[in-house]
Amino acid sequence: MSAVTEKDLVDFVYREARLLDELRYEEWLALYAEDAHYWMPAEWQQTNPRLQASLMYEDMLLLKIRVERLSGARTFSQKPKSRAQHLLQVPQVDEIDPAENRYRTWTSFHYAETRGDEFTIYAGWARHDLRVEEGSLKIVLKRVDLVNFDAPFGNIQLFM
Amino acid sequence: MTRYAADPSAIKALIHPERVHRDVYTDPDIFRLEMKHLFANTWIYVGHASQIPNPGDYLTTDIGNQPVLASRHSDGSVHVLYNRCPHKGTKIASEACGNTGKFFRCPYHAWSFKTNGALLAIPFKKGYDGTGLEDTEAVKGLAPVGAAHVYRDFIFARLAPSGVDFETFFGESLSSIDNMIDRSPEGKLVLEGAPLRYMHPCNWKMLVENQTDTCHPMVAHESSAGTAISVWEREQAKGGKKPMAVEVYAPFMSPYDFFEKMGLRVWPNGHGHTGVTTSIHADYSAIPGYFDKMVAAYGEERARAILGESRHNTCYFPNIMVKGPIQTLRVFKPVAADRTLVESYTFRLVGAPDTLFERTLMYNRLINAPTSIVGHDDLEMYERAQLGLHADGLEWVNIQRLYEPGEAEDVTEIAGGTSERQMRNQFHAWTKYMTMSMTPEGVAFQEAAQ
Ligand code: FES
Ligand SMILES: [Fe+2]
């Protein structure tokens, strides 16, 4: 891949959201590096995913379990199935550092998840830490901070 | 209140030894009576003393539908008070946890109160001269609840001014809290980490019953735990040791026989626990350095005894569950007949390695979060039950598994781990504490017990 541009990073974030909205989870997982994490903090301006409470802090194994479970024959919480919709603000590029192979974006979003007659809106900010591996951008860390991280939610079954 | 109000015989008719009427889960009248009687007559968990270590610290919560606060007074004592200004009713404290300084100051008209609730001052007070204010309840300050008790830093309160005392109510069941505390090399817990909060569209008792329902994990959690096992088996080929998360998920798929042999113990007043001989928490990898610290603190024999006690879920009637080997506490807060707020708290064992607390936090988010796949499995079942119970074809819920006619009630006994004995035990206590303040005789009993 030639030099990573701002547009490459913005397109990448949009593409991730689109794969999630179209429920194309295998392709979505392929956007993540082998050592990646998906993190949803449960505290304000949280710094530590291991020794502070989080809603999610998942490595690739746990994400694969989630994706496989969603289509399981005995996954009753997916009968009927959930669907998702992302509304993203233009991602802001916070870092482009080819020497360190480090790229970072910050994206404000609204996210809707629906199942049966239920429809719930969430709002927050997503941070993507990226790097180039074999010519393509990969997610090293996706951090999702909900504006109301401390509220009592019902089931959140898909990915923001 | 219509159908059931002040009619203990109608309440009692809902509970049979081996089945309960669906109204206990669905009927708004029953829910209101639970708030008025059951949650007033029992000892309810309020919070942990480590949340309010210093004078002026407070925490807020609800006991049933009653807003309360627990406050650390200047002399170090803990006071549980109704969170309600005696002037016009404004809630005094609005944050989950905080420090009020030397006194509480109502934000509406600035009446102030000492941290034990006593009235401190009223601005421009001469406006009350000659009005007789001094003869009203308003000058007594923030009203205390009926009784409060702090057991090894666990704060409990009873709203009713008289009734069963703390020791009688909990008795030997406190051994599960003891074991959780003893797992700290310093014999001390600190509540740490934000609670995970999870709203459930179902009756609070469904959650409580689920804690000792050992015939559901291998069925309802096949989707989460079963998938975790199969994905891990596939990925294992890449090498590496079994991750902590797989150690957490996998035992949910243990066979019936495992859960049966695990055993279950009931105690009087509706308390009980699963995991008498072993549990799904018994086979986790050792945390480096932890056992040595325990041996140094307690000696090897005692350290082994503490860690060998692998109780699964201990239910303290009516609405909390404690997991000693994991250091979590879940509160099932009733909101409406068909709505329950679940708050899952984590404790750090003082003096133990960080990795242990890391596992506690991991367990909590993998199992108890609104983003937890195990939680999704369970909530789906509660939600379906709450909806299904409206079907008029059948009116009863069955709790008969391993029932023996003439089964003793309000006793300490051990049963097979797949027994529904603890559910029956809970409903026996439910009837007792629902009805004890409904009749003149019941009220007299309560007073005699005082
Ligand atoms: S309501 Fe509290 S001072 Fe008036
Ligand atoms: Fe469960």
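Only this structure's heavy atoms are used, side chains among them; waters, hydrogens and symmetry mates stay out. These numbers were taken from a predicted model, which means no experiment stands behind them.
Contact record, B/Ala194 with A/Ala42: CB-O, 3.8 Å, taken as the closest heavy-atom pair. Heavy-atom minimum distance, A/Leu55 versus B/Thr371: O-OG1, 2.8 Å.
Rounding to the nearest 0.5 Å gives a distance of 6.0 Å between CG of A/Leu61 and CD of B/Glu235. Put simply, CG on A/Leu70 and OG on B/Ser223 are 9.0 Å apart, with the number rounded to the nearest 0.5 Å. Atoms CG and CG, from B/Leu361 and A/Leu51 in turn, are 7.0 Å apart once rounded to the nearest 0.5 Å. B/Met199 CE to A/Phe153 CZ: the interatomic distance, rounded to the nearest 0.5 Å, is 11.0 Å. Taking CZ of B/Arg234 as the reference point, atom NZ of A/Lys64 lies at 7.5 Å (rounded to 0.5 Å). Remark: B/Tyr249 OH to A/Ile65 CD1 distance equals 6.0 Å, nearest 0.5 Å.
Using a 4.0 Å cut-off between a side-chain N of Lys or Arg and a carboxylate O of Asp or Glu, A/Glu58 and B/Arg365 do not qualify as a salt bridge. The pair B/Glu222-A/Arg69 fails the salt-bridge criterion, with no side-chain N (NZ, NE, NH1 or NH2) lying under 4.0 Å from an Asp/Glu carboxylate O.
For A/Lys138, the NZ atom counts as densely surrounded, since its 6.0 Å shell holds more than 12 non-hydrogen atoms of other residues, nucleotides or ligands. Residue B/Arg339 places its CZ atom among 12 or fewer non-hydrogen atoms of other residues, nucleotides or ligands, all under 6.0 Å distant. Within a 6.0 Å radius of CD in A/Glu118, other residues, nucleotides and ligands contribute 12 heavy atoms or fewer. Summarising the local packing, CZ of B/Arg384 is surrounded by more than 12 heavy atoms from other residues, nucleotides or ligands at distances under 6.0 Å.
Only the side chain of B/Lys238 comes within less than 4.5 Å of a heavy atom of chain A; its backbone N, CA, C and O stay farther away. Contact of B/Asn364 with chain A is not made at all, since no heavy-atom distance falls under 4.5 Å. Only the side chain of B/Met381 comes within less than 4.5 Å of a heavy atom in chain A; its backbone stays farther off. Interface remark: A/Pro41 contributes no atoms to any contact with chain B (heavy atom separation under 4.5 Å). Using a 4.5 Å cut-off between heavy atoms, B/Val246 contacts chain A through its side chain alone, with no backbone atom that close. Contacts of A/Asp150 with chain B are made by backbone atoms alone, with heavy-atom separations under 4.5 Å and no side-chain atom involved. When heavy atoms are compared at a cutoff of 4.5 Å, A/Phe149 does not approach chain B at all. Proximity to chain A (any heavy atom under 4.5 Å) is restricted, for B/Pro243, to the side chain, taken from C-beta onward. Of the atoms belonging to B/Ser230, it is side-chain heavy atoms, and not backbone ones, that fall under 4.5 Å from chain A.
Comparing A/Met56, A/Met40, A/Gln157, A/Glu43 by how many heavy-atom pairs each has under 4.5 Å with chain B, the most go to A/Gln157. Taking chain A as the reference chain and counting heavy-atom pairs below 4.5 Å, the highest number among B/Leu341, B/Leu366, B/Val219, B/Asp354 is found for B/Asp354. Note on B/His376, B/Glu380, B/Glu358, B/Glu383: by heavy-atom pairs under 4.5 Å with chain A, the leading option is B/His376.
In terms of modelled atom types and a separation under 3.5 Å, the side chain of A/Arg66 and the main chain of B/Ile373 share no donor-acceptor contact. No donor-acceptor pair under 3.5 Å is formed between the side chain of B/His200 and the backbone N or O of A/Gly154.
Looking at B/Val231 and A/Leu62, their side chains never come closer than 4.5 Å, going by heavy atoms from C-beta outward.
Against chain B, the residues from residues 71-97 of chain A that qualify, each with a non-hydrogen atom under 4.5 angstrom away, are A/Arg74, A/Thr75, A/Phe76, A/Ser77, A/Lys79 in number order.
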